[in-house]
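Lettering of chains follows the sequences in order, A, B, ..., and the numbering in each one begins at 1.
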There are 4 protein chains.
Amino acid sequence: MSRRRNPAHREALLSAAVEMIAVQGLTVSTATIAKQAGVSAGTLFNTFESKSLLVNQLYVSLKAEMGRATSGGLPAEAGPRDQLRHVWDRWVGWATGTPEKRRVLAQLDVAEDITAESRDAAHQALSGMGELLERCRAGGPMQNVPLRFVLRILSSIADATIDDLIDRPGPGSATDDPRSSAAFDAIWRALAR
Amino acid sequence: MSRRRNPAHREALLSAAVEMIAVQGLTVSTATIAKQAGVSAGTLFNTFESKSLLVNQLYVSLKAEMGRATSGGLPAEAGPRDQLRHVWDRWVGWATGTPEKRRVLAQLDVAEDITAESRDAAHQALSGMGELLERCRAGGPMQNVPLRFVLRILSSIADATIDDLIDRPGPGSATDDPRSSAAFDAIWRALAR
Amino acid sequence: MSRRRNPAHREALLSAAVEMIAVQGLTVSTATIAKQAGVSAGTLFNTFESKSLLVNQLYVSLKAEMGRATSGGLPAEAGPRDQLRHVWDRWVGWATGTPEKRRVLAQLDVAEDITAESRDAAHQALSGMGELLERCRAGGPMQNVPLRFVLRILSSIADATIDDLIDRPGPGSATDDPRSSAAFDAIWRALAR
Amino acid sequence: MSRRRNPAHREALLSAAVEMIAVQGLTVSTATIAKQAGVSAGTLFNTFESKSLLVNQLYVSLKAEMGRATSGGLPAEAGPRDQLRHVWDRWVGWATGTPEKRRVLAQLDVAEDITAESRDAAHQALSGMGELLERCRAGGPMQNVPLRFVLRILSSIADATIDDLIDRPGPGSATDDPRSSAAFDAIWRALAR
DNA sequence: GATGAATGAGCGTTCATTCAT
DNA sequence: AATGAATGAACGCTCATTCAT
């Protein structure tokens with residue numbers, strides 16, 4: 001008999017994990033996650049095999065969601081700056097819109113038991129940005145360091161900006177906040193000729 | 001006269017905590033830390049009262065060490081750029097020189113049970129940079145966002161740079177690595193007029 | 001369908017607690033109780049939530065058992081003296097028949113972490129005797145002190161008698177032991193007109 | 001070199017033990033007792049060798065104190081009833097006057113690690129009452145049970161009376177409380193012809 | 001002798017995981 | 001497949017006792 005896992009369980013458990021990890025950290029018990037998801041302790045392990053695997057898949061899944069949220073609707077006609085700004089706005093918008101997920105990702109980024117494979121898979125999520133970034137830095141001061149490094153710097157600035165916007169929300173939308181614009185300008189000045 | 005408290009224990013425990021947290025994460029057992037420090041389980045609790053307090057004091061102490069490593073020997077005569085570069089080089093040099101401590105700080109930065117008081121104390125560590133940063137951004141594009149935000153961006157770039165240098169060590173010293181210079185240039189372009 | 005909670009565990013744990021507390025006192029470890037009950041350490045806490053709760057429920061349960069053992073089969077037609085003697089015989093018979101339970105009750109009676117609620121619940125166990133006692137003392141020398149006080153005196157005499165019968169068992173049945181009769185006579189003379 | 005134990009330590013530790021056991025039960029730590037006594041943890045063990053020994057000596061010492069408090073000033077000319085009443089009043093007076101000591105004795109009476117030797121020594125404390133009790137019961141209904149048993153019954157009534165007077169203090173002095181008189185009358189009726 | 005830091009066995013409790021139902 | 005009771009290793013922490021000072 002094949003174990004047909006109920007896909008609704010998978011989603012419910014991942015959502016529950018986000019909610020509970022956001023509040024209690026990675027030390028939440030599997031029992032707490034299962035209860036929040038409305039399934040039994042056993043079902044969690046039928047669905048994910050181990051807590052570690054659940055956490056790894058959550059990591060990949062959140063990064064993928066972030067990639068998806070960030071990449072759509074790119075204005076094809078626009079120049080690189082406007083395109084990057086578009087990505088930036090979507091990035092900031094998504095993350096400040098789901099602070100729990102951002103919070104969880106911040107924990108997973110430094111978590112011990114996220115495997116190298118998961119980290120690789122997660123990096124794919126932003127790989128769509130690679131080509132754009134390449135165009136942005138062409139001829140600029142960061143043209144001679146690895147693209148991976150540029151992406152890392154960019155991500156760190158994005159995360160810092162997002163965390164500041166979450167910790168100290170401004171009066172308007174996060175995307176229009178002066179901090180978001182200032183950070184984007186900084187990036188652009190750092191990258192472009 | 002009573003047996004005197006061995007002052008080396010405190011340092012030994014903090015060092016052991018760095019070593020073991022770097023490898024196993026914050027979930028290392030107090031028994032493991034004590035054993036690594038060469039003292040008994042009881043002595044850990046004589047010295048720190050709780051694991052949480054040990055971790056908090058470790059956080060404050062590492063941040064303070066980082067602050068000290070970063071702040072000394074500033075060339076008084078030099079302009080802001082050279083001064084900031086001086087700080088940058090020391091920062092990168094210290095963190096790449098003690099990758100375990102950097103790794104532990106990355107975990108503590110997002111840890112659940114670091115108290116607000118500890119975070120405040122930790123922020124003092126970089127406060128010496130505040131005035132310098134103020135001079136660097138004067139008249140520049142980041143003059144209108146909170147200094148705290150600028151510091152946050154700066155720190156995130158430093159951490160990203162350091163982590164990349166640690167993950168993929170270059171052939172020479174970290175300070176002379178092109179990534180370090182590129183990141184510093186990026187910061188300077190982001191900050192200054 | 002889930003695995004069903006084994007209802008025998010609760011009884012096994014309470015029995016094991018009686019056996020081990022009788023021998024080692026209230027400081028027995030939960031591990032010892034669980035092992036004696038033939039269940040795992042975890043099951044003890046699935047069943048009772050804390051050691052303190054186990055101990056409280058044991059107290060209430062032993063008092064209730066004592067109440068039940070004491071109260072049945074009262075000869076309705078008989079006079080107060082014969083009725084009280086009936087209760088007395090059952091009381092002495094039950095307690096000397098399960099010296100471990102008597103021993104445990106003696107410890108729980110003075111235990112620090114028996115709650116007021118548990119003590120209240122326990123008092124209900126002897127409340128059935130209240131009315132009978134009221135009839136016994138009517139017009140007698142103890143008619144003007146609180147009934148609670150009379151019950152306390154009566155209980156203390158019973159316990160002292162039982163403890164002596166347990167410590168120094170006589171040749172025959174405890175109920176027929178001259179000490180039991182002497183103590184009952186003492187009570188009757190103390191109470192009745 | 002002989003270990004001259006400072007006798008002041010002994011008294012201070014026994015007093016501290018009474019105070020702390022009365023509040024926290026027999027599980028008080030030796031450190032707590034030592035601190036309350038104003039001596040170091042080490043001195044407690046220089047003075048008593050083990051916690052168990054401290055507790056045993058405390059038991060014997062409290063019983064002895066009770067015996068002394070109870071026995072003095074017996075009116076030589078008086079009849080047995082008045083003499084017993086004299087003892088009774090002193091007993092109730094002493095115990096209600098030092099409720100902490102009574103509380104501690106109640107715990108020690110059922111404690112696991114009070115040795116048989118300590119219990120024997122403790123019984124000596126009331127042995128002075130033996131002869132008086134013998135005279136009181138002569139020709140009475142309790143003349144044919146062991147004196148030890150009579151003493152046990154008497155003690156249990158005294159303790160029950162004292163505990164009730166402590167738990168629910170009356171308006172006047174404990175000795176004049178109707179419960180004290182009622183209990184004494186009960187004893188007298190139980191004992192005497 | 002007095003001190004109190006050091007010790008380590010032992011505690012109550014948790015929780016990832018298993019498995020009978 | 002789904003359940004949740006059962007498991008037992010592991011945890012943070014305590015405390016009677018020892019021993020260097």
Undergrad: By the 4.0 Å heavy-atom rule, please label B:Thr27 as base, sugar-phosphate, or nothing.
TA: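 Counting heavy atoms under 4.0 Å across all strands, no contact is made by B:Thr27.
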
Undergrad: Relative to the 5' end of DNA chain F, which residue comes earlier, B:Val28 or C:Val39, by the nucleotide with the nearest heavy atom?
TA: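 The residue mapped nearer the 5' terminus is C:Val39.
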
Undergrad: Side chain of D:Lys51 only, heavy atoms from C-beta on: which candidate in E:dT13, F:dA16, F:dC13 is closest?
TA: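 Minimum distance to the D:Lys51 side chain belongs to F:dA16.
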
Undergrad: Check every strand shown and say whether C:Ser29 touches a base, only sugar-phosphate, or nothing at a heavy-atom separation below 4.0 Å.
TA: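 Since only primed, P, OP1 and OP2 atoms lie under 4.0 Å of C:Ser29, the category is sugar-phosphate.
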
Undergrad: When you get a sec, tell me which of E:dA16, E:dA2, F:dA2 is the closest nucleotide to the side chain of A:Ser40?
TA: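 Side chain of A:Ser40 sits closest to F:dA2.
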
Undergrad: Does the pair D:Glu112/C:Arg103 count as a salt bridge with the N-to-O cut at 4.0 Å?
TA: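 Salt bridge flag = yes for C:Arg103 with D:Glu112.
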
Undergrad: Examine F:dG12: is either OP1 or OP2 under 4.0 Å from a nitrogen or oxygen in the side chain of B:Thr30? Give yes or no.
TA: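 For F:dG12, OP1 or OP2 has a side-chain N or O of B:Thr30 closer than 4.0 Å.
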
Undergrad: Mind calculating the distance between NZ (B:Lys35) and C1' (F:dC11) to the nearest angstrom?
TA: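 Checked: the NZ to C1' distance equals 14 Å.
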
Undergrad: Provide, to the nearest angstrom, the distance between the CG atom belonging to D:Leu13 and the P atom belonging to E:dG1.
TA: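 So the two atoms are 15 Å apart, to the nearest Å.
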
Undergrad: Between A:Phe48 (CZ) and E:dT18 (P), how many Å, whole number?
TA: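 So the two atoms are 16 Å apart, to the nearest Å.
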
Undergrad: Take C:Asn6 and B:Ser52, find for each the nucleotide of DNA chain F with the closest heavy atom, and name the residue whose nucleotide sits nearer the 5' end.
TA: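 By nearest-heavy-atom nucleotide position, the 5'-most residue is C:Asn6.
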
Undergrad: What is the distance, to the nearest angstrom, from the CZ atom on B:Arg5 to the C1' atom on E:dG4?
TA: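 Distance, rounded to whole Å: 9 Å.
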
Undergrad: If E:dA20 has a Watson-Crick or G-U wobble mate with both distances under 3.5 Å, name it; if not, just say none.
TA: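 Paired with E:dA20, as far as the under-3.5 Å criterion goes, is F:dT3.
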
Undergrad: Does B:Ala41 or C:Asn46 map to a spot on DNA chain E nearer the 5' end, using the closest nucleotide for each?
TA: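 The 5'-side residue here is B:Ala41.
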
Undergrad: Within the 4.0 Å heavy-atom criterion, would you say C:Thr47 contacts the bases, only the backbone, or no part of the nucleic acid?
TA: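 Nothing, no nucleic acid heavy atom in range.
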
Undergrad: A:Ile33 and A:Ala16: which non-hydrogen atoms are nearest, and at how many Å?
TA: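 Nearest pair, atom of A:Ile33 first, then A:Ala16: O-CB, 3.5 Å.
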
Undergrad: Could you state the atom-to-atom distance from NE2 of D:His9 to P of E:dG4 in whole Å?
TA: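 Rounding to the nearest Å, NE2 of D:His9 and P of E:dG4 are 12 Å apart.
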
Undergrad: When you check the phosphate oxygens OP1 and OP2 of F:dT7, does a side-chain N or O of C:Thr43 lie under 4.0 Å from one of them?
TA: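 Yes, C:Thr43 has a side-chain N/O under 4.0 Å of OP1/OP2 on F:dT7.
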
Undergrad: Does the pair B:Arg102/B:Asp159 count as a salt bridge with the N-to-O cut at 4.0 Å?
TA: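 Judged by the 4.0 Å cut-off on N to carboxylate O distance, B:Arg102 and B:Asp159 do form a salt bridge.
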
Undergrad: Should the pair B:Asp167-A:Arg119 be classified as a salt bridge under the 4.0 Å nitrogen-to-oxygen rule?
TA: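 No, B:Asp167 and A:Arg119 are not salt-bridged.
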
Undergrad: Among E:dT17, E:dC19, E:dG12, which is the nearest nucleotide to the side chain of A:Phe45?
TA: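 Looking only at side-chain atoms, A:Phe45 lies closest to E:dT17.
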
Undergrad: Report the distance from atom CE of A:Met20 to atom P of E:dA16, rounded to the nearest whole Å.
TA: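 Interatomic distance, CE of A:Met20 to P of E:dA16: 13 Å.
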
Undergrad: Distance check needed: F:dC15 P versus B:Glu49 CD, whole Å only.
TA: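 In whole Å, F:dC15 P lies 14 Å from B:Glu49 CD.
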
Undergrad: Starting at CD1 of A:Ile33 and ending at C1' of F:dG4, how long is that distance when rounded to a whole Å?
TA: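 Rounding to the nearest Å, CD1 of A:Ile33 and C1' of F:dG4 are 17 Å apart.
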
Undergrad: Any chance you could lay out the side-chain contact (heavy atoms from CB on, under 4.5 Å) test for C:Ser29 and C:Thr32, step after step, and finish with the verdict?
TA: CA-CA 5 Å; C:Ser29 71; C:Thr32 300; 2.8 Å; yes

